[in-house]
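Single-structure report; data block below.
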Amino acid sequence: MAATQQATASLPEIEIYNTLSHAKEPFKTVSPGRVGMYLCGPTVYKPSHIGHMVGPVIFDTVKRHLVYSGWQVTWVVNITDVDDKLIAESTARGISMADLAREMTADYLENLAALGVDGIDEMPKATDHIGGIIRFIEGLIEKGFAYAAAGDVYFDVTRDEDYGKLTNRSVEQTQGEGGSTADRKRSAADFALWKQAKPGEPSWESPWGPGRPGWHIECSAMSEALLGDHFDIHGGGLDLVFPHHENEIAQSESLHGCPMASYWMHNGLMQAAGAAGKVGGRPRDGGDDAAAQAATKISKSTGAEPFKELLARHRPEAIRLLLLSTHYRSPIHFGEEPLAESARALEAFERLFARYERLTGTSFYGLPGRDRQAGTAAVAEINDSVAAEVSRLRDRFLEAMDDDFNTAIAVASLFDFVRLVNKFIDSHGLEKAPQPEAQTTLDAAMLTLRELTTVLGLFLEAPAAASGGADEALVGSLMNLVIELRARARKAKDFATADLIRDALGEAGILLEDRPDGTGWSQK
RNA sequence: GGCGCCGUAGCCAAGUGGCUAAGGCAGCGGAUUGCAAAUCCGCCAUCGUCGGUUCGACUCCGACCGGCGCCUCCA
């Protein structure tokens with residue numbers, strides 16, 4: 001008891017923007033010190049594209065910050081592995097739906113791993129929860145919120161007084177045409193909880209005959225199973241707010257009689273500049289050329305390329321940095337140019353890491369992480385004039401993260417941090433001669449940078465070596481020879497030769513840098 | 001038509017009723033360097049338009065213009 005209180009008391013105060021209230025709210029968990037977090041995952045019928053990665057990276061960062069700050073977090077991301085699109089795609093490819101789902105789930109997981117998303121605790125599959133889904137639907141029917149109709153089951157939107165509260169719509173405003181099953185629905189806005197199987201489709205037995213679950217019910221049933229009736233954070237892309245999350249709320253709160261999630265967090269969508277034509281949305285006035293040039297959301301309909309192909313051209317670190325450079329609720333402008341820019345920005349960090357390793361022999365990537373309390377204690381121990389600056393930048397970072405996970409400011413403070421450390425190295429002349437005291441401070445600063453970059457999930461692993469194998473050693477010794485020859489030329493003031501060597505290497509993609517402690521080279 | 005979001009420097013992107021309007025990329029000047037590269041220092045925006053509220057607004061309100069999302073599968 002005392003221990004729990006103490007643990008809770010040390011938790012920082014943070015604020016989270018809640019789509020439900022359209023405002024930032026102080027973060028209060030359902031149970032002290034613990035967080036249950038649910039993110040709507042992919043429908044695994046095609047390789048994932050960049051749009052599928054936004055939510056996972058954002059919520060991975062959310063989890064990292066919460067865990068770092070002292071909470072115990074359980075993060076669930078569901079896998080939709082039964083659905084019209086899966087049926088269609090597996091039929092087209094002549095494989096089973098289960099095989100298709102397995103293949104695409106593996107693809108998804110590999111992409112997440114590349115981006116450093118490693119905090120997911122549970123990835124429930126809809127097909128593993130059919131029993132729970134059926135019980136959930138039965139409960140809704142018993143309570144009068146749902147009805148069976150010709151082998152289907154629908155949620156009766158008119159029975160739910162709150163319906164539309166997430167998106168501020170009335171039932172009338174949500175009326176579509178009701179789709180192909182309009183004749184079975186009481187209201188056009190009713191949505192399917194259970195769909196009767198057509199001949200040849202994968203199906204499960206149920207009280208209403210063979211069929212499969214609707215899309216919305218999966219998330220209600222799986223979050224209930226893994227996080228309980230009332231959990232803390234429910235996340236997803238802004239495009240899921242309606243109807244998906246609205247319907248989840250309708251289902252779960254109608255059955256349980258309590259809030260489903262305390263905080264509804266929605267991330268902005270990827271935008272591709274210059275994409276032609278409008279994709280989503282109903283056409284407004286006539287067509288117009290101006291709109292055709294505007295940025296549009298990246299989605300499957302725009303033919304977004306598989307994420308794997310993107311990874312072949314861009315480092316995952318640059319992609320993650322780009323995602324975190326924009327506030328999570330804003331749209332992210334995405335494309336080759338922003339990505340290239342992000343990669344260039346990344347290099348400032350990596351040059352500092354390389355510099356640090358040259359000076360101390362310590363790899364930044366090998367530095368130990370630490371939690372928030374330990375970090376605060378460690379920073380207080382720094383005994384140098386830069387201590388105040390280190391502490392200030394760290395505070396700025398943490399305040400930003402506490403304020404609705406403002407990663408853009410957090411990243412900005414990290415760039416300031418890099419400058420601070422470089423300046424420290426410069427002003428102490430550490431590259432000219434070692435200085436034990438200054439080096440202790442340098443270590444402390446780098447440990448702090450390690451602490452903070454880990455919260456963002458950045459620089460988790462050293463970049464893979466450009467070329468592997470036996471060639472590497474050979475190139476290394478050749479480079480040593482060339483650099484030695486050039487050093488002799490420079491000593492002899494034969495700058496023409498020295499520059500010839502440097503220029504030629506430059507054309508070969510090798511960059512030379514003359515530093516106080518010698519010449520270094522890197523591959524461009 | 002309904003619901004919601006946005007419009008900040010060449011580009012990307014934070015943010016605040018009054019204090020220097022973050023940071024990145026690009027650019028310019030300087031220190032450093034044999035020259036470069038890297039690093040450091042400095043410079044580079046009055047916040048879509050028009051009105052209103054206020055002692056004071058980029059920040060609140062209104063109108064307008066422009067863009068985006070959702071209302072159909074979508075992260």
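Hydrogens, waters and symmetry mates are skipped; everything else that's a heavy atom, side chains included, is used. In what follows, chains carry the letters A, B, and so on, assigned in the order in which the sequence lines appear, proteins first and then strands, with residues in each chain numbered from 1.
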5'-most by nearest nucleotide on RNA chain B - Ser325(A) or Leu420(A) |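 In this pair, the answer is Ser325(A).
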
Taking for each residue the nucleotide of RNA chain B bearing the nearest heavy atom, is the 5' side occupied by Ile50(A) or by Ala408(A)?
->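 Between the two, 5'-proximity favours Ala408(A).
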
Using atom [atom1] in both nucleotides, what's the gap between [N] and [M] to the nearest angstrom?
N	M	atom1	value
rC43(B)	rU20(B)	P	14 Å
rU32(B)	rG15(B)	C1'	35 Å
rC64(B)	rC55(B)	P	28 Å
rC58(B)	rG7(B)	C1'	12 Å
rC25(B)	rA13(B)	C1'	11 Å
rC71(B)	rA14(B)	C1'	31 Å
rA45(B)	rC11(B)	C1'	13 Å
rC40(B)	rG24(B)	P	10 Å

Paired nucleotide for rC60(B) [Watson-Crick or G-U wobble; both distances under 3.5 Å] =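 Matched rC60(B) with rG52(B) under the 3.5 Å cut-off.
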
Verify the contact: side-chain N or O of [X] to OP1 or OP2 of [N], cut-off strictly under 4.0 Å; return yes or no.
X	N	value
Lys423(A)	rC41(B)	yes
Arg515(A)	rA36(B)	no
Asn422(A)	rA38(B)	no

Which of these nucleotides, [options], is closest to any side-chain atom of [X]?
X	options	answer
Arg419(A)	rG34(B), rG24(B), rA75(B)	rG24(B)
Glu513(A)	rA22(B), rA37(B), rG34(B)	rA37(B)
Asn406(A)	rU39(B), rA14(B), rC73(B)	rA14(B)
His327(A)	rA14(B), rC41(B), rG34(B)	rA14(B)

Name the nucleic acid region contacted by [X], choosing base, sugar-phosphate or nothing; use a 4.0 angstrom heavy-atom cut-off, strictly under.
X	value
Gly506(A)	nothing
Asp84(A)	nothing
Arg486(A)	base
Leu39(A)	nothing
Gly51(A)	base
Gly55(A)	nothing

Report the distance from atom [atom1] of [X] to atom [atom2] of [N], rounded to the nearest whole Å.
X	N	atom1	atom2	answer
Leu321(A)	rG23(B)	CG	C1'	11 Å
Phe242(A)	rA75(B)	CZ	P	17 Å
Asp404(A)	rA14(B)	CG	P	12 Å
Leu269(A)	rA75(B)	CG	P	10 Å
Phe495(A)	rU33(B)	CZ	C1'	10 Å
Ile409(A)	rA21(B)	CD1	C1'	12 Å
His49(A)	rC73(B)	NE2	C1'	12 Å
Tyr163(A)	rC71(B)	OH	P	12 Å

Sidechain N-carboxylate O distance under 4.0 Å for [X], [Y]:
X	Y	answer
Glu484(A)	Arg488(A)	yes
Asp403(A)	Lys24(A)	yes
Asp443(A)	Arg450(A)	no

Quick check against the 3.5 Å criterion: does [X] have a side-chain atom that pairs as donor or acceptor with the backbone of [Y]?
X	Y	result
Arg358(A)	Glu431(A)	no
Ser427(A)	Phe424(A)	yes
Glu201(A)	Lys198(A)	yes
Ser220(A)	Ile217(A)	no
Asn18(A)	Trp264(A)	yes
Asp121(A)	Val76(A)	no

N/O to N/O distances under 3.5 Å, protein versus nucleotides 4-12 of chain B:
residue: rG4(B); atom: OP1; partner: Asn168(A); partner atom: ND2; Å: 2.8

Is the Tyr263(A) to Tyr17(A) ring centre distance short of 6.0 Å?
->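 Here the rings of Tyr17(A) and Tyr263(A) have centres that are no less than 6.0 Å from each other.
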
What about the rings of Phe191(A) and His216(A), do their centers lie closer together than 6.0 Å?
->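 Distance test on ring centres: under 6.0 Å, yes.
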
Between Arg351(A) and Asn422(A), a side-chain donor and acceptor under 3.5 Å =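 Asn422(A) and Arg351(A) do not have a side-chain donor-acceptor pair below 3.5 Å.
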
Distance-only criterion, 3.5 Å: show the donor-acceptor pairs between side-chain atoms of residues 506-518 of chain A and protein atoms not counting sequence neighbours.
residue: Glu513(A); atom: OE1; partner: Arg515(A); partner atom: NH1; Å: 3.2
residue: Asp514(A); atom: OD1; partner: Arg486(A); partner atom: NH1; Å: 3.0
residue: Asp514(A); atom: OD1; partner: Arg490(A); partner atom: NH1; Å: 3.2
residue: Asp514(A); atom: OD1; partner: Thr519(A); partner atom: OG1; Å: 2.8
residue: Asp514(A); atom: OD2; partner: Arg486(A); partner atom: NH2; Å: 2.8

With distance as the sole criterion, do the side chain of Asp499(A) and the base of rG34(B) form a donor-acceptor contact below 3.5 Å?
->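 Such a pair exists between side chain and base.
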
Polar side-chain contact Asp83(A)-rC73(B) base: donor and acceptor under 3.5 Å |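 In this structure, the two groups form no donor-acceptor pair.
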
Sorted by number, the residues of residues 342-351 of chain A with heavy-atom contact under 4.0 Å to RNA chain B =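 Result for residues 342-351 of chain A: Arg344(A), Ala345(A), Arg351(A), sorted by number.
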
Give a yes/no verdict on base stacking between rG23(B) and Phe415(A): centres under 5.5 Å, planes within less than 30° of parallel.
->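 No; by the centre-distance and plane-angle rule, Phe415(A) does not count as stacking on rG23(B).
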
